[in-house]
Chemist: 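To start, I am sharing the structure in question, which I have written as structure tokens.
Owing to the predicted nature of the structure, the values given are computational and were not obtained by experimental measurement. Numbered from 1 within each chain, the chains take letters A, B, ... in sequence-line order. Just the heavy atoms: all of them, side chains too, but no hydrogens, waters or symmetry mates, feed the values below.
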2 protein chains.
Amino acid sequence: MDPDVLASISHDDAEWAPVGKALAALRATSTQEVSAAVRVAAELGIPVVARGAGTGLSGGANAVDGCLVIDLSPMNQILEIDVENMICVVQPGVVNDDLKAAVARHGLWYPPDPASAPWSTIGGNVSTNAGGLCCLKYGVTRDYVLGLEVVVGGPAGEYGTVTHIGHRTTKGVAGYDLTGLFVGSEGTLGIVTEITLRLRPARREAPRTVVGAFPSLVKAGDAVAAVTRDGLLPTALELLDRACLQAVEDWKHLGLEADAEALLLAQIDTPGESGQAEATATAEAFEGAGALWAAVSTDEQEAEALFAARRLAYPALERLSPVLTEDVCVPRSQVPAMLAAVVEIAERHGVSIATIAHAGDGNLHPLILTPPNDDAARVAAQAAFEEILARAIAVGGTVSGEHGIGLLKREGLHRELPPPVLAMQVALKQTLDPLGLFNPGKAI
Amino acid sequence: MDPDVLASISHDDAEWAPVGKALAALRATSTQEVSAAVRVAAELGIPVVARGAGTGLSGGANAVDGCLVIDLSPMNQILEIDVENMICVVQPGVVNDDLKAAVARHGLWYPPDPASAPWSTIGGNVSTNAGGLCCLKYGVTRDYVLGLEVVVGGPAGEYGTVTHIGHRTTKGVAGYDLTGLFVGSEGTLGIVTEITLRLRPARREAPRTVVGAFPSLVKAGDAVAAVTRDGLLPTALELLDRACLQAVEDWKHLGLEADAEALLLAQIDTPGESGQAEATATAEAFEGAGALWAAVSTDEQEAEALFAARRLAYPALERLSPVLTEDVCVPRSQVPAMLAAVVEIAERHGVSIATIAHAGDGNLHPLILTPPNDDAARVAAQAAFEEILARAIAVGGTVSGEHGIGLLKREGLHRELPPPVLAMQVALKQTLDPLGLFNPGKAI
């Protein structure tokens, strides 16, 4: 393989995560090829790093020195859509939005929607247990994975063994939940070559959007807490700060006004009059928490533009400078305090931080922006990054809500987990991958 | 401890599952006591069997010879209800219905509702990943467990080590999903001493009930498939056959008419007019599939009586004779075929089978009724039991939807899981419990 091509598929989208020098790459087109490659790699003692579209933000798909990269993106077939049972079976390289579109044609819905959905693959989503915008009401990737075909080694048999974990039924407790264990394991326990997903009926009405503009990040955080306190459960409750709105507007000219310090976007899919009542109550909660203004959007195009802005915030900022992406998750009640901490940490380290957040989940993505080729700025950014992790842990949160540990969060993980839990994690890895062949040095 | 008392807490509610002779029992009142007991048991090489209310139906809580039984039911405190974050922290001995009532006072809802909810404990629910009536829309116990305090050994340190797995946030991917692994593991990986649960806002309106009476089990099964095909998602879709209805009526005199071969009960909680429309559509789906009659219940008392009958079916039958309880789960589209198979198997083996089912989940509970002290009948019942398991596997189902493997389903489990998966299961057990101390011989 051309060295430039090999280099280009040797990393994901994480800024400053170390990238090793891969020995070779396989663009896999079948489970049999993956199985054969893993068997050979085991014989030669070569580590194996699986990847999809490479949109990861923690370095989980970065090559390690001397590894074989297995690119699963050519395995992009939807193998089955079973309408009667509301499930589908897909290869790992299927792009999230392509799956959504395909099942929608059968009146079905696949809810998990990371902002990367137009590019990221279901295999990658499974490897990080990706979340997205509608987790608040509809959960994360793990909640939709019923079963997996996996290429494994160790206790399962020779490396390269293909087997099926989980089930096709909606419930099942036959044995330990291996499926849940593999979801979010970042390719460190084996390689996922097929995924059986639970689907839901498509929604019968377009959801309602409520927008609120706030004079400060912290007031927007107060509104998030107020919505929960009022017993409201939007499908999404997203936050964008002024820097994010401005960057998207400068790039895409969607006609957004960046006149507030922060916007909150709520989406409500309860149908009919009840949905209208919930939307009104959400707008009132925004106002009660100090919004400059809040309104139920009656313009579908405007609502779409706002959610598009949310999804485009990360690439819009990435156009401008290297972005170090945070992914802390804190208890919802701690969102205002955590947002205040981010502002304070940015000021103290002299770094620029733009914030987007799945605020209703307590999942914040402070984006640390750094001028290119500025070593001092990079050091400051990395110090701010670690400090945000520490603060999230201190308020009862976690270092990763949905991006995974990869390479960037390994220190944070060690700070977060008690030593007995870390020891259990390491023991599981050693048990299921005794040769340490699958994506070594990642996730734990 | 009095030998009669010891014997009485040495088994759960599974018929004909072997019960060993326990050496002693501890009625635990704190995590510290559990930890100390596990430490001592490890030093003496004594196996430890944890239990709650003993409502299990697979023998998972049955004593093994020479074991220490640890009864967690005295640990029945709700430690925290965090309204802002919609979570609670409870001890394992809290009864499911008591928790529901306590959080309801704060406008919150804990959805998982096994039919045993008036008696079974959250710890027991966690150990089997209990389901219940509203799984169809709201999932099972695992979907609500965010974190656990566990008493463990092996890689975590000395047996008796207390640690915390999981998180308090709504999302989190820091390390492998140990929490999901412990849920449903039937006490074979450690002992759960504290549980952090996700809650939902209480529903704002009483749900609607749709009732349909069918001339045969299979036609009721057809109606289940029709409901799914029409994109309807009731919170519950329950089936009772005539034998169940009759047994409940004879016992409780609720005024039920057992004039049909099977009843379907659907519960719909979509609010407002949309809910009414879904209820009407559900009744139409019942009629289209061949119901004798179908109606949206306008009488809340009648609806409650019907769901009460569903919950009481198992104890009502248990009053009459020993009951061997099935718990197979099949793809929804296979429900009619599976119901037909149950009828055929019952006839061929000359056994009496009453059927209740979480039909919308494909989770069937054929209840095999046997005259007491009739060895030939018992042999026939057990043959029918194994044949139902085999048929469920053959149509793509699983041997246990929500009761767990315990002792009764071990053969079925070995038929269901591919050898590599079984080997991975065994390896996980050996890794996390190298002394084989926690509930040996169960679950896998």
Chemist: Please identify, among A:G272, A:A156, A:P201, the residue contributing the most non-hydrogen atom pairs under 4.5 Å to chain B.
Modeler: A:A156

Chemist: For B:S400, which atoms come within 4.5 Å of any heavy atom of chain A: side chain, backbone, both, or neither?
Modeler: both

Chemist: Taking everything shown except A:E80 itself, do over 12 heavy atoms lie less than 6.0 Å from its CD?
Modeler: yes

Chemist: What part of A:T179 lies closer than 4.5 angstrom to a heavy atom of chain B: side chain, backbone, both or neither?
Modeler: neither

Chemist: Looking at chain A, which one of B:A423, B:A427, B:S333 has the largest number of heavy-atom pairs inside 4.5 Å, strictly under?
Modeler: B:S333

Chemist: If you take all heavy atoms of B:T169 and A:P331, which pair is closest and at what distance?
Modeler: CG2-N, 3.6 Å

Chemist: What part of A:V140 gets within 4.5 angstrom of chain B, counting heavy atoms only: side chain, backbone, both, or neither?
Modeler: side chain

Chemist: In terms of heavy-atom proximity below 4.5 Å to chain B, should A:Q430 be classed as side chain, backbone, both, or neither?
Modeler: neither

Chemist: For A:G172 and B:T398, work out which heavy atoms get closest and say how close.
Modeler: CA-CG2, 4.0 Å

Chemist: Is it the side chain or the backbone of A:K429 that comes within 4.5 Å of chain B heavy atoms, both, or neither?
Modeler: both

Chemist: Based on non-hydrogen pairs under 4.5 Å, which of B:L413, B:I405, B:T228, B:D361 is most in contact with chain A?
Modeler: B:D361

Chemist: Answer with side chain, backbone, both or neither: which region of A:D82 has an atom nearer than 4.5 Å to a non-hydrogen atom of chain B?
Modeler: neither

Chemist: Picking from B:D230, B:D327, B:L189, which has the most non-hydrogen pairs under 4.5 angstrom with chain A?
Modeler: B:L189

Chemist: Walk me through whether A:L428 and B:L178 qualify under side chain to side chain contact (heavy atoms under 4.5 Å, CB included).
Modeler: CA-CA 10 Å; A:L428 289 182; B:L178 288 173; 3.5 Å; yes

Chemist: Heavy atoms only, distances under 4.5 angstrom: which of A:G184, A:G180, A:A174, A:G396 has the most pairs with chain B? Name it, please.
Modeler: A:A174

Chemist: So, for A:G131 and B:K171, which heavy atoms are closest and what is the spacing to 0.1 Å?
Modeler: CA-CE, 4.3 Å

Chemist: How far does OG of A:S274 sit from CZ of B:R204, to the nearest 0.5 angstrom?
Modeler: 9.0 Å

Chemist: I'd like to know which of A:A226, A:P271, A:C329 tops the heavy-atom pair count under 4.5 Å against chain B.
Modeler: A:C329

Chemist: Under a 4.5 Å heavy-atom cut-off, does chain B meet the side chain of A:L232, its backbone, both or neither?
Modeler: both

Chemist: For chain B, which of A:H403, A:M424, A:K137 has the most heavy-atom pairs under 4.5 Å?
Modeler: A:M424

Chemist: Please state whether the side chain, the backbone, both or neither of A:S185 comes within less than 4.5 Å of a heavy atom of chain B.
Modeler: both

Chemist: Between chain B and each of A:Q334, A:H167, A:E186, A:H164, count heavy-atom pairs under 4.5 Å; write down the option with the most.
Modeler: A:H164

Chemist: Give a yes or no answer on whether the side chain of A:Q425 reaches the backbone of B:Y176 with a donor-acceptor pair at less than 3.5 Å.
Modeler: yes

Chemist: Against chain A, label B:N363 side chain, backbone, both or neither, depending on which of its atoms sit under 4.5 Å from a heavy atom there.
Modeler: side chain

Chemist: Which bit of A:N85 comes within less than 4.5 Å of chain B, counting heavy atoms only: side chain, backbone, both or neither?
Modeler: both

Chemist: Is it the backbone or the side chain of B:V152 that comes under 4.5 Å from a heavy atom of chain A, or both, or neither?
Modeler: side chain

Chemist: Could you look at B:L136 and say if it's the side chain, the backbone, both or neither that has a heavy atom under 4.5 Å from chain A?
Modeler: neither

Chemist: Below 4.5 Å, heavy-atom pairs only: which of B:R200, B:E402, B:E205, B:E416 has the largest tally toward chain A?
Modeler: B:E402

Chemist: Heavy atoms only, distances under 4.5 angstrom: which of A:D177, A:T128, A:T170, A:L181 has the most pairs with chain B? Name it, please.
Modeler: A:D177

Chemist: What part of A:E273 lies closer than 4.5 angstrom to a heavy atom of chain B: side chain, backbone, both or neither?
Modeler: side chain

Chemist: Can we say B:E84 and A:R332 salt-bridge, meaning some charged N sits less than 4.0 Å from an Asp/Glu carboxylate O?
Modeler: no

